[in-house]
Amino acid sequence: MTERKPALSTVNRWRAVFLTLQAHFKDKSADEITEDEAREWARSLVTAKRSADTASEIWLSAIRRIFNWAAEQKLIRSNPFKQVKITVPRKVQTREKAFTEQEAKTILGAALTIKASKNTFKCAQRWVPWICAYSGARAGEIAQLRGVDIGQQGNFYTMKLTPEAGTIKTRKARTVPMHEHVIAQGFLDFVKARGKGPLFYTPEDKTPTESSPTNPRRARAVMTRQRLAAWVRKLGITDPEVSPNHSWRHTFKQIADRHGISERVSDAITGHAPATVGRTYGAPNDEDMARELKKFPRYNT
């Protein structure tokens, strides 16, 4: 499946899936697995530690996708998982996915207490939550920012989120205006001190040895993102229905809507795909987004 070039994060996520499948059917080739056996194995995926939703949306989805590809390439006669499904109970949601005002204050307040340091993770703790809060960007997109990605257009500053820096879910670069409150906190001085390279992790000081295509090393920005999530949990944001990083996207969209920023513009800022083909025409430009972002209120911590 190398021609499709799945993201390294996808390969890492799927690795456990296929190792488990391989161990279960160790005495069978892919062509020898029957649909009944596939269905029985799929049912066994739901455990006390693995929900039906995870088993269906991640595990079974990965298996079905790869076996479909193998069948298309004539590597196997048919896909035994094609018609296999896992019944997922309707999820009960007891709260919004966005942070509460107090949760946001807790995280941003803690970030403000982080002192300037050469320690790149402390830099990430200090700045990544604030940038996510004012942009709705994915934490991974911000964790991989480089000094060269920060620029100025007229009277506002921008950050370029680009696949050149690391993984971008849409695989498309986008330029996002920076909120004036981030600039007011001294972010540009921090960027100047860090230089043109990575802002929130230390780059490899030598050419890394090549990793296995089926077991790639995690990118340093990914490890930074994961450490940030663990840090937020330690701050007391422990509700399993709220994501320690991703909830900033929900929070940004919620606040933007409340303050008159159109969905069209907030989608452009966060990198969400337009709801219709028609909305791709005349998309908001950088100036449009910067003007609208001025409506987004400052957080009080």
Side-chain angles (χ1 to χ4, degrees), residues 1 4 6-26 28 30 33-70 79-100 103-104 106-107 132 136 138-141 143 167 169-170 214-216 218-219 222-254 270 272-273:
M1 202 175 178
R4 295 194 182 183
L8 295 184
S9 58
T10 299
V11 175
N12 278 320
R13 187 168 63 247
W14 286 3
R15 178 173 168 77
V17 176
F18 287 95
L19 287 176
T20 302
L21 180 75
Q22 184 180 46
H24 185 83
F25 292 108
K26 60 184 177 180
K28 287 179 175 286
I33 301 173
T34 67
E35 184 175 320
D36 286 341
E37 290 172 332
R39 185 171 285 106
E40 181 182 358
W41 180 76
R43 284 197 292 264
S44 74
L45 295 177
V46 183
T47 66
K49 293 183 178 181
R50 186 184 302 120
S51 69
D53 185 57
T54 297
S56 177
E57 297 301 318
I58 296 179
W59 286 62
L60 186 55
S61 176
I63 293 292
R64 189 184 294 116
R65 182 173 176 181
I66 295 300
F67 271 72
N68 276 339
W69 173 83
N79 177 4
F81 293 91
K82 187 174 183 178
Q83 302 300 325
V84 175
K85 295 182 180 180
I86 295 174
T87 301
V88 179
R90 192 169 186 177
K91 191 173 182 179
V92 177
Q93 187 174 327
T94 60
R95 59 162 292 168
E96 295 177 332
K97 293 182 179 180
F99 289 123
T100 64
E103 287 169 339
T106 296
I107 299 168
C132 288
R138 298 173 181 88
E141 295 174 330
T167 300
K169 186 174 182 180
T170 62
T214 60
N215 189 22
R218 289 179 300 165
V222 171
M223 291 189 281
T224 295
R225 184 200 71 206
Q226 292 171 340
R227 291 181 67 190
L228 282 170
W231 171 66
V232 170
R233 290 302 191 201
K234 289 180 181 178
L235 294 177
I237 315 300
T238 56
D239 191 327
E241 290 193 46
V242 68
S243 166
N245 286 327
H246 196 73
S247 285
W248 285 121
R249 284 175 72 74
H250 295 278
T251 307
F252 177 85
K253 294 296 287 286
Q254 185 184 76
T270 57
H272 281 116

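All residue numbers refer to positions in the sequence shown, counting from 1.
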Distance in Å, Leu45 CG paired with Leu60 CG, rounded so as to fall on 0.5 Å steps
7.5 Å
Taking Ser247's backbone N and O only, do any of them form a donor-acceptor pair with Thr251's side chain (distance below 3.5 Å, no angle check)?
yes
I'd like to check the side-chain contact (heavy atoms from CB on, under 4.5 Å) partners of Ala229; sequence neighbours left out, ordered by chain and number.
Pro244, Asn245
Taking all atoms of both residues into account, what is the closest heavy-atom pair of Arg233 and Pro240, and its distance?
NH2-CA, 4.5 Å
Rounded to the nearest 0.5 Å, the NZ atom of Lys253 sits from the NZ atom of Lys97 at a distance of 12.5 Å
Got a sec, which residues hit ring pair (Phe, Tyr, Trp, His ring centres under 6.0 Å) with Trp59, two or more places apart in sequence or on another chain?
none
Using 30° and 60° as the class boundaries, would you call the ring planes of Phe81 and Phe25 parallel, tilted or perpendicular?
perpendicular
Rounded to the nearest 0.5 Å, how far apart are OG1 of Thr20 and CZ of Arg50?
6.5 Å
Could you walk me through whether Phe67 and Leu21 satisfy the side-chain contact (heavy atoms from CB on, under 4.5 Å) test, starting with their C-alpha distance in whole Å, then the side-chain angles of each, then the deciding distance to 0.1 Å, before giving a yes or no?
CA-CA 12 Å; Phe67 271 72; Leu21 180 75; 3.8 Å; yes
For Val84 and Ala38 the tightest heavy-atom approach is CG2-CB, 4.1 Å
Steps toward side-chain contact (heavy atoms from CB on, under 4.5 Å) verdict (Asp36, Arg39)
CA-CA 5 Å; Asp36 286 341; Arg39 185 171 285 106; 3.8 Å; yes
Taking side-chain hydrogen bond (donor to acceptor under 3.5 Å, both in side chains) as the definition, give me every residue that meets it alongside Thr94, ordered by chain and number, with sequence neighbours left out.
Glu241
Going by the rule salt bridge (Lys or Arg N to Asp or Glu O under 4.0 Å), which residues pair with Lys28 if we only count those two or more places apart in sequence or in a different chain?
Glu37
Over all heavy atoms of both residues, which pair between Ala52 and Val88 is shortest? Give the atoms and the distance, please.
O-CG2, 3.7 Å
Kindly check if the number of other-residue, nucleotide or ligand heavy atoms within 6.0 Å of CD (Gln22) is above 12?
no
Any residue meeting side-chain hydrogen bond (donor to acceptor under 3.5 Å, both in side chains) with Thr270, in chain and number order, not counting sequence neighbours:
His272
With side chains defined as the heavy atoms from C-beta onward, is the minimum distance between Trp41 and Ile33 less than 4.5 Å?
no
Looking only at heavy atoms, which two atoms of Ala62 and Val17 are closest? And how far apart?
CB-CG1, 4.4 Å
Drop me the distance from His250's NE2 to Ser243's OG, to the nearest 0.5 angstrom.
7.5 Å
Where do Val46 and Ala55 come nearest, in terms of heavy atoms and distance?
CG2-CB, 4.0 Å
Which residues pass the salt bridge (Lys or Arg N to Asp or Glu O under 4.0 Å) test with Arg64, sequence neighbours left out?
none
Output for pair (Trp231 CH2, Ile237 CD1), nearest 0.5 Å, gives 10.0 Å
Parallel, tilted or perpendicular: which describes the rings of Phe99 and Trp248, with under 30° parallel and over 60° perpendicular?
perpendicular
Gln83 CD to Lys85 NZ distance, which is reported to the nearest 0.5 Å:
7.5 Å
Does Phe18 form a side-chain contact (heavy atoms from CB on, under 4.5 Å) with Ile63? I'd like the steps, not just the answer.
CA-CA 8 Å; Phe18 287 95; Ile63 293 292; 3.5 Å; yes
